[in-house]
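When a residue number appears, it is its place in the shown sequence, counting from 1. Counting starts at 1 for both ligands and their atoms, in listed order.
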Amino acid sequence: MTSMDRGEEIPWFPRRVSELDRCSKCVTKYEPTNDPRHPGHGDTAYIMRRQFLNDQAINYRHGDPISFVEYTEEEHATWTMVFEKLKTLHESHTCLAYRQNLRMLEEAGVLTANRIPQVADVNKYLMEKTGFILRPCSGLLSARDFLASLAFRVFQTTTYLRHHESPHHSPEPDLIHELLGHVPMFADPFIAQMSQDIGLMSLGATNDQIEKLATVYWFIIEFGLCREDGQLKAIGAGLLSAYGELMHACSDVPDHKEFDPQIVSVQTYEDSGYQPLYFVAQSLQDALVKLREYAASMPRSFAIIYDPLTKSVQLVEKD
Ligand code: HBI
Ligand code: FE
């Protein structure tokens, strides 16, 4: 008997990478147009610039070449300021995988402090490393849509920048966070695999499972730490791209617990200030092993098989 026969509805999910065109629903949170907490609130020029970039992203379809974005001198200046300041913490506060991959990206001329990189160039680089690609999106997506894209090694990326008056903090994802936080980590095979595994688990999942997976993603891919030579180091993109929280996370102010996806999946989190609690992995490899154990324990009436050659998935009903 299949799950269909039992009358269980499996929510729609993309079966091939091109169907991610249907996974770009944004949720509204911290919009500069109507939220006084947003640093760009009331700045018409910023709001229009952001709208222009978001419109371009909304019209993007799988397979389109990624259009060249002419960033303004003000935007380049914001990028440079953030990059230079974060650099001062790289040796002491970031994991080895981040430092190595960032150095390689710099040496390849893909991520440099003086100019904002083009997403097309980043894709060319990542494609050769782990096969991950970025596709433009217009803001915060629903967790279901966002996680589904990871199943196909696609990362939905914003293209606008944070407001220039608040360069070291952004209440939402922006291009600086995506490029300085996520891109060097997606060049790492363990982070790439963990992200894809979370994505594959999310396909056809229940709302409750999506919430758990989004929470695991949050605490490892966005705010995860690991220990190297007895010292706390950042692996999460939300820390790697935020000077203040990077220092806070590695200090003894917040709580630190060992990374265990079962516990992590039901932990509540902070999305408007520093986290009071971080999870610490023994290593990236160990985090992947634990994540896979967790995946195997998730109840599901079907299995998903991913074919990397066609970038498509097959659903296999269990009886
Ligand atoms: N959307 N564009 C974008 N970027 C994110 O990092 C993101 C998202 N939607 C949901 C989300 N993150 C969180 O729910 C994760 O924990 C999955
Ligand atoms: Fe992020």
Asker: Between the Fe ion (ligand 2) and H177, which N, O or S atom of the residue is the nearest one?
Answerer: NE2
Asker: Is there a donor-acceptor pair under 3.5 Å between the side chain of N101 and the backbone N or O of M185?
Answerer: no
Asker: Output the rest of the hydrophobic cluster of V316: all Ile, Leu, Val, Met, Phe, Trp and Tyr residues reachable through side-chain heavy-atom contacts under 4.5 Å, sorted by chain and number.
Answerer: I305
Asker: Who passes salt bridge (charged side-chain N to carboxylate O under 4.0 Å, His left out) against R22, sequence neighbours left out?
Answerer: none
Asker: Would one find an N, O or S atom of E222, in either backbone or side chain, under 2.8 Å from the Fe ion (ligand 2)?
Answerer: yes
Asker: Ring-plane angle category for Y306 and F152, please: parallel below 30°, perpendicular beyond 60°, tilted otherwise.
Answerer: perpendicular
Asker: Any idea how F186 and H182 line up, ring-wise: parallel (<30°), tilted (30 to 60°), or perpendicular (>60°)?
Answerer: parallel
Asker: Give me the ring orientation class for F146 and F155: parallel if the planes are under 30° apart, tilted from 30 to 60°, perpendicular past 60°.
Answerer: perpendicular
Asker: Check each protein residue for a heavy atom under 4.0 Å from ligand 1 and list those that pass, ordered by chain and number.
Answerer: C137, G139, L140, L141, A143, F146, L147, P173, A214, Y217, W218, E222
Asker: What residues join V27 in its hydrophobic cluster, counting side-chain heavy atom gaps under 4.5 Å, either direct or through other members?
Answerer: L140
